[in-house]
A.B. asks: 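The structure's right below; bear with me while I get my questions together.
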Amino acid sequence: VFINAAMSVDGKIATVKGTQTRISGMEDLDRVDALRAESDAIMVGIGTVLADNPSLTVKSEKRRKTRKEAGKEENPLRVVVDSTARTPIEAEFLHKGEGKRIIAVSQRAIVEDVDKLGMKAEILVCGRVEVDLPKLLYELWLRGVRRLMVEGGATLNWSLISQGLVDELYTYVGNLILGGKAAPTLVGGEGFSDEDKPVKLELLGGERLDEGALLRWRVLT
């Protein structure tokens, strides 16, 4: 399980209004596309779907062709963590590109909404109040997922990291400062208290990319 994200120098992944901001350049966008093509599944939270409406597809025709030649779907399995089934039926990832989709919900989800979404994606009920992420990852494992790419946002990143479910992080740091104490950061959630030990990382590598820097980290257990 690895998180891939682009952030500003001050750690923001969007503006104070929550709108998507161009942080990466063309080199980094191509790197992200390659990561998608090499993954078995891509996961985002409902916040990302509502804010950015991503398709979560592999953009390169060559990479899609390579996947098909290897006996895979053109696009990795697309997974949305959506406890209360708020995913819009017109969401881009439900309609664009070939491939399977999964929406993970909790028992709190309204049956009517689940039924509508079930016409476009497989619905997995994992957890009573919130999506049980360990259970979801187990279900994905049973479906053949061995390499899971997580593309945010901040709430999902916190949930995965705080539960010890992340192996690596790829962070692209762009050459801009966004500011704003309410602007979403790479990891949101409750945060660790003074008594808790923060998650420690090992730097595996770094390189200049576009006008920023790409850092690769391993989560220490």
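Residue numbers count from 1 along this sequence. Everything numeric here is computed off the predicted structure, so don't read it as measured data.
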A.B. asks: Salt-bridged, E151 to R36, with N to O below 4.0 Å?
C.D. replies: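 Here E151 pairs with R36 in a salt bridge, since their nearest N and O are under 4.0 Å apart.
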A.B. asks: Flag the pair D40 / L148 as yes when at least one side-chain heavy-atom distance between them is below 4.5 Å, and no otherwise.
C.D. replies: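 Not touching, per the 4.5 Å side-chain cut-off.
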A.B. asks: Whether E130 and R108 form a salt bridge (side-chain N of Lys/Arg under 4.0 Å from carboxylate O of Asp/Glu) is what I want to check.
C.D. replies: yes
A.B. asks: Step by step, work out the side chain to side chain donor-acceptor pair (under 3.5 Å) result for K68 and T66.
C.D. replies: CA-CA 5 Å; K68 292 201 81 168; T66 299; over 6 Å; no
A.B. asks: Hey, is the main chain of A109 close enough, under 3.5 Å, to the side chain of T84 for a donor-acceptor pair?
C.D. replies: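 No, the answer is negative, given that no donor and acceptor are paired below the 3.5 Å cut-off.
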A.B. asks: Indicate yes or no for a side-chain donor-acceptor contact from N157 to the backbone of L186 under 3.5 Å, with no hydrogens or angles considered.
C.D. replies: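 A pair under 3.5 Å: yes.
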A.B. asks: Can E61 and K65 be counted as an ion pair, charged N to O under 4.0 angstrom?
C.D. replies: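 Looking at E61 and K65, the cut-off is not met.
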A.B. asks: Side-chain contact, heavy-atom cut-off 4.5 Å: L140 with L77?
C.D. replies: yes
A.B. asks: Return the minimal non-hydrogen interatomic distance between L137 and V1, and the atom names on each side.
C.D. replies: CD1-CG2, 4.2 Å
A.B. asks: Rounded to the nearest 0.5 Å, what separates atom CD1 in I103 from atom CD1 in I123?
C.D. replies: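 Here the interatomic distance stands at 4.5 Å.
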A.B. asks: If you count every heavy atom of other residues, nucleotides or ligands that lies below 6.0 Å from I110 atom CD1, does the total exceed 12?
C.D. replies: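 No, the 6.0 Å shell around CD1 holds no more than 12 heavy atoms from other groups.
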A.B. asks: Does atom CD of E69 have more than 12 heavy-atom neighbours, drawn from other residues, nucleotides or ligands, at distances under 6.0 Å?
C.D. replies: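 Enclosed: over 12 neighbouring heavy atoms sit under 6.0 Å from CD of E69.
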A.B. asks: Using a strict 4.0 Å threshold on nitrogen-to-oxygen distance, state whether R67 and E73 make a salt bridge.
C.D. replies: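 Answer for the salt bridge query: no.
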A.B. asks: Working to the nearest 0.5 angstrom, can you tell me the gap between L133 CG and K135 NZ?
C.D. replies: 12.0 Å
A.B. asks: State, yes or no, whether a side-chain contact exists between V49 and I46 at a heavy-atom distance under 4.5 Å.
C.D. replies: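 Heavy-atom side-chain distance check passes, below 4.5 Å.
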A.B. asks: Do NZ/NE/NH1/NH2 and the carboxylate oxygens of E211 and R208 come within less than 4.0 Å?
C.D. replies: yes
A.B. asks: Could you check whether E122 pairs with R101 (Lys NZ or Arg NE/NH1/NH2 to Asp/Glu carboxylate O, under 4.0 Å)?
C.D. replies: no
A.B. asks: With a 6.0 Å cut-off on ring centres, are W158 and F192 close enough?
C.D. replies: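 Yes, close enough.
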A.B. asks: If you compare all heavy atoms of L56 against all heavy atoms of I42, which two are closest, and at what distance to 0.1 Å?
C.D. replies: O-CD1, 3.5 Å
A.B. asks: Going by an N to O cut-off under 4.0 Å, is there a salt bridge joining R218 and E202?
C.D. replies: yes
A.B. asks: Where the side chain of K96 meets the backbone of L94, is there a donor-acceptor pair that is under 3.5 Å apart?
C.D. replies: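 Side chain of K96 to backbone of L94: no pair is present.
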A.B. asks: Does one side chain, of T57 or N75, offer a donor that lies under 3.5 Å from an acceptor on the other?
C.D. replies: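 T57 vs N75: no donor-acceptor pair found between side chains.
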A.B. asks: Ion pair present between R63 and D33, side-chain N to carboxylate O less than 4.0 angstrom?
C.D. replies: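 Yes.
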A.B. asks: Compare all side-chain heavy atoms of T87 with those of F93 and state whether any distance is below 4.5 angstrom.
C.D. replies: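 Yes, side chains in contact.
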A.B. asks: Using a cut-off of 6.0 Å, state whether more than 12 heavy atoms not belonging to E190 lie near its atom CD.
C.D. replies: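 No, CD of E190 has 12 or fewer neighbouring heavy atoms, counting only those of other groups under 6.0 Å.
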A.B. asks: Kindly indicate whether the side chain of W217, heavy atoms from C-beta on, has any atom under 4.5 Å from the side chain of L203.
C.D. replies: yes
